[in-house]
Amino acid sequence: MENAQIADVFDEISAILQILGENAFRVRSYQNAARTVRDMADRAEDLLSSGEDLKKLPGIGSSIAEQIDEIVRSGTSHRLTELRGKLPRGFLELLRVRGLGPKKAKKLYDDLGIKSLDDLEQACKDHRIRDLPGMGVKTEEKFLENIGRARENVGRMLLRDADAVFEAFAEHIETVPGLQRFSAAGSRRRRRETIGDLDILLQVTDRDAAINRILTFPAISEVEAQGKEKLTLILNGNLNVDVRFFEADEFGAALLYFTGSKAHNIAVRKVAIDQGYKLNEYGLYKGDKRVAGNTEDEVYEVLGLDSIAPELRENRGEVEAAAKHALPILVDHNDIHGDFHSHTIETDGKQSIEEMAQAARMRGLDYLAITDHSQAVTIARGMDNKRVEKHAEAVRKVDAKLDDFWLLAGVEVDILKDGSLDIDTDILGELDWVIASIHSHFDLDEKEMTQRLLAAIETGVVDCIGHPFTRHLVTRGPISIDVDTVFQACRDNGVCLELNAQPERLDLPDVYCHRAKEIGVKVAIASDAHKATDLDYMRYGVSTARRGWLEPGDVLNSLSTKELRKRLVRKPGAQRWR
DNA sequence: GCCGTTTTCGGCCCGACTGTTTTCAGTCG
């Protein structure tokens, strides 16, 4: 039983309770529990079987702890089953329509018998919505417009794609007359792997002029709300953008507030309340007097907290750590001296060894591992034993010509279904850098998959497990493994874990970066570049590492070439990373 | 439903905008 499945149960319970008009705080309790369970690194199932008390977790009390126990043991929740019986099938999909919340959904059902998106669409077309109390022609039109988007199930956008939209929009914002300050906030600023919408804060001298200028941005497909404080836009028909205006002395408090996360805000607000302050998006107040608000740092400081990097603001212990002056010194882009995973035209890359090396140098790196695919990945024209040897020779030849740069001759070797590697171990033993990855049979059960990885880890010739969960943020969930067992084996065998920086992977996920650190496994951040410009994905790896609390010392990339060469000497019978 | 160094009961973040009202409820973040 995965945590995500348990979290889904609580989210659904919460949604149904909301429609049924239950106590709003009970509704929120289920949401909080869902978030806690979804975000924690340990599996609830494992905690239970090792006798841990789930009630120690934030937002989990005796009732929800019992429910988790039931879900893990029986695979079902009688509470959810019972609640589902109170609503027609498909009813919850109504809540995905923007502007339609639980209250209106209930009214639509009670008054018009609307049970699904189809019913709602028909009722709009028949103009039956406009006659309901509290709703009118505009409501009807809005529903009709938003039903399409709800059907498309517009999920979250990859961080990279949100970055692209934001950067174009930011260029436009730079032309706003009287612009004094602007910043992205929200999950983009926290560098979450996916983004629901963009939040942008502005400080300008003339709001009307600024709004007029902003509204000329060509990608705006709709203006959903427009007021003195706030502008809600839809860009390219699929991305919501909130633009908010603040004055100079409010800006820091606003940035803090709108960067979130919501859970972080609540935790910080609680610190404020405990010390007799009031904190909102306009400032930190003692009574009616604003005591901080210009900058985020100022607000944190008055509250006795160290400044918390946006990537950490998920209420995973960062507020407590800030109060104890025990925050990690996070790894930074400047700490990254090299890249541990790249491909060339030898397999499915787009550029030559020389071109990749040159591109890496131009980006200020001191070393790059060339790690083309092995034979099992036929679609990428993977290499057999002979080609691996020949390719390594070619890499070393290029390396010999480079001053002050190290091109590591490596391979991304496949872990076959039974855990064996598809290149001979004596050949692998001669290489500078060996990544072992899973590219097939993703659906083995946890026991088999764990054994499969353990077998690869214990070969003694693997330096790193590539994209350990093989997840794909849009199309594929993670493989199922016993995380602690695998990570401990990595530690004991001197194998490190890759943090694959491809924006659709970001694998290790942040919570497992944190777990790796706790267990004592080193992390190698790697772009997995298939062409020169992919090397820039490193920044997504670094931000994910930061979200996982990693410090330079936790990350292999912080080693200089000299230090790395020392660490990579493979003594006969000994592992590398002890 | 959760939580507690003022509490085991009585709190639980709160402001902006819209669309419908004629002073406010619902939704959203």
Side-chain angles (χ1 to χ4, degrees), chain A residues 10 13-15 17-19 21-37 54-68 79 94-108 129-143 145-146 185-188 190 195-201 207 211 222-234 240-246 250 253-254 256-285 315:
Chain A
F10 292 142
I13 288 176
S14 165
L17 290 177
Q18 214 176 357
I19 288 175
E22 267 276 3
N23 178 303
F25 296 108
R26 180 174 295 167
V27 169
R28 195 190 295 165
S29 293
Y30 276 102
Q31 285 167 1
N32 290 340
R35 190 177 47 227
T36 295
V37 172
L54 297 181
K55 291 203 289 289
K56 282 191 296 197
L57 297 166
I60 311 276
S62 54
S63 164
I64 287 189
E66 265 174 45
Q67 294 184 56
I68 293 175
R79 181 109 175 86
L94 287 175
L95 296 184
R96 293 217 305 268
V97 177
R98 229 181 131 74
L100 177 49
K103 296 271 170 59
K104 283 183 186 165
K106 187 167 190 310
K107 190 184 274 292
L108 290 170
I129 305 291
R130 56 183 63 179
D131 299 331
L132 294 180
M135 302 193 210
V137 178
K138 287 226 174 155
T139 316
E140 199 173 270
E141 287 168 353
K142 209 85 197 153
F143 284 170
E145 213 175 291
N146 290 336
S187 50
R188 182 184 174 277
R190 301 200 314 279
I195 302 298
D197 51 24
L198 282 179
D199 296 283
I200 298 174
L201 309 188
R207 291 188 185 183
I211 288 172
E222 197 181 323
V223 179
E224 203 174 63
Q226 181 178 343
K228 258 285 183 236
E229 313 290 331
K230 174 187 162 183
L231 197 56
T232 301
L233 310 171
I234 295 173
N240 271 288
V241 182
D242 283 333
V243 180
R244 292 183 163 84
F245 297 96
F246 292 93
E250 305 165 337
L256 184 64
Y257 186 90
F258 286 105
T259 295
S261 67
K262 201 169 168 181
H264 175 83
N265 285 350
I266 291 171
V268 174
R269 193 185 302 270
K270 202 168 170 313
V271 173
I273 292 168
D274 288 349
Q275 298 179 21
Y277 294 104
K278 187 181 100 161
L279 177 63
N280 62 25
E281 60 264 56
Y282 300 108
L284 181 66
Y285 297 86
N315 196 27

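Lettering follows sequence order; numbering is per chain, from 1.
When the nearest nucleotides of DNA chain B are assigned to A/K230 and A/F25 by heavy-atom distance, the more 5′-ward of the two goes with A/F25. Closest-nucleotide positions on DNA chain B for A/K278 and A/T139 were compared, and the one nearer the 5' end corresponds to A/K278.
On the nucleic acid side, DNA chain B contacts chain A at distances under 4.0 Å to non-hydrogen atoms, with the end points of that region at B/dG1 to B/dG29.
Residues that satisfy the ring-ring contact (aromatic ring centres under 6.0 Å, His included) test with A/Y285, not counting sequence neighbours, are absent from this structure. For A/K55, the side-chain contact (heavy atoms from CB on, under 4.5 Å) partners at least two apart in sequence or on another chain are A/D53, A/S62, A/A65. Listed by chain and residue number, A/F91, A/L95, A/L100 satisfy the side-chain contact (heavy atoms from CB on, under 4.5 Å) test with A/A105 (two or more places apart in sequence, or in another chain). Every residue was checked against the salt bridge (Lys or Arg N to Asp or Glu O under 4.0 Å) condition with A/D197, not counting sequence neighbours, and none meets it. Residues passing the salt bridge (Lys or Arg N to Asp or Glu O under 4.0 Å) test with A/E250, sequence neighbours excluded: none.
Taking the C1' atom of each, B/dT23 and B/dG29 are spaced 24 Å apart, rounded to whole Å. Straight-line distance between the C1' atoms of B/dG1 and B/dT6: roughly 23 Å, to the nearest whole Å. Using atom P as the reference point in both B/dT18 and B/dC13, the two lie 26 Å apart (nearest Å). Rounded to whole Å, the separation between the C1' atoms of B/dG11 and B/dT7 comes to 9 Å. Comparing the same atom, C1', in B/dC9 and in B/dG15 gives a spacing of 29 Å after rounding to whole Å. The P atoms of B/dT22 and B/dC28 are separated by 23 Å, rounded to the nearest whole Å. With C1' as the reference atom, B/dG4 and B/dT8 are 8 Å apart, rounded to whole Å. A distance of about 22 Å separates the P atoms of B/dA16 and B/dT20, rounded to the whole Å.
Using a 4.0 Å heavy-atom distance criterion, A/K270 is classed as making no nucleic acid contact. Within the 4.0 angstrom heavy-atom criterion, no nucleotide atom of any strand lies near A/F10. A/L231 comes within 4.0 angstrom of no nucleic acid atom, judged by non-hydrogen atoms across all strands. The residue A/I60 sits close only to the backbone: its heavy atoms come under 4.0 Å of sugar-phosphate atoms, none of a base. The residue A/D199 sits close only to the backbone: its heavy atoms come under 4.0 Å of sugar-phosphate atoms, none of a base. Residue A/P102 is classed as a sugar-phosphate contact, given heavy-atom separations below 4.0 Å to backbone atoms only. Counting non-hydrogen atoms under 4.0 angstrom, A/V137 reaches the backbone sugars and phosphates but no base. Across all strands shown, A/S62 has heavy atoms under 4.0 Å from sugar-phosphate atoms exclusively, and none from any base. A/L100 comes within 4.0 angstrom of the backbone, heavy atoms only, and of no base. Residue A/Y30 is in sugar-phosphate contact alone, with no base atom involved, counting any heavy-atom pair closer than 4.0 Å across all strands shown. Among the heavy atoms of the strands, none lies under 4.0 Å from A/N32.
Screening residues 274-285 of chain A for salt bridge (Lys or Arg N to Asp or Glu O under 4.0 Å), with sequence neighbours left out, gives A/K270-A/D274. Within the structure, every pair that satisfies the salt bridge (Lys or Arg N to Asp or Glu O under 4.0 Å) test and touches residues 22-35 of chain A, not counting sequence neighbours, is listed here: A/E22-A/R26.
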TODO: Determine, stepwise, if the pair A/S14 / A/Q18 fulfils side chain to side chain donor-acceptor pair (under 3.5 Å).
DONE: CA-CA 6 Å; A/S14 165; A/Q18 214 176 357; 5.0 Å; no

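Summarising the geometry of A/L284 relative to A/A272, their closest heavy-atom pair is CD1-CB, 4.1 Å, with the distance given to 0.1 Å.
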Open item on the list: Both atom distances under 3.5 Å, Watson-Crick or G-U wobble: I'd like the secondary structure of DNA chain B as a dot-bracket string, with | for pairs made across strands.
Closed with: ((((....)))).((((((....))))))

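Salt bridge annotation for A/E229-A/R207: present, with a cationic side-chain nitrogen under 4.0 angstrom from a carboxylate oxygen.
B/dT5 shows a glycosidic angle more than 90° from 0 and is accordingly assigned anti.
Here the CD1 atom belonging to A/I19 is positioned 14.5 Å from the NZ atom belonging to A/K107, to the nearest 0.5 angstrom.
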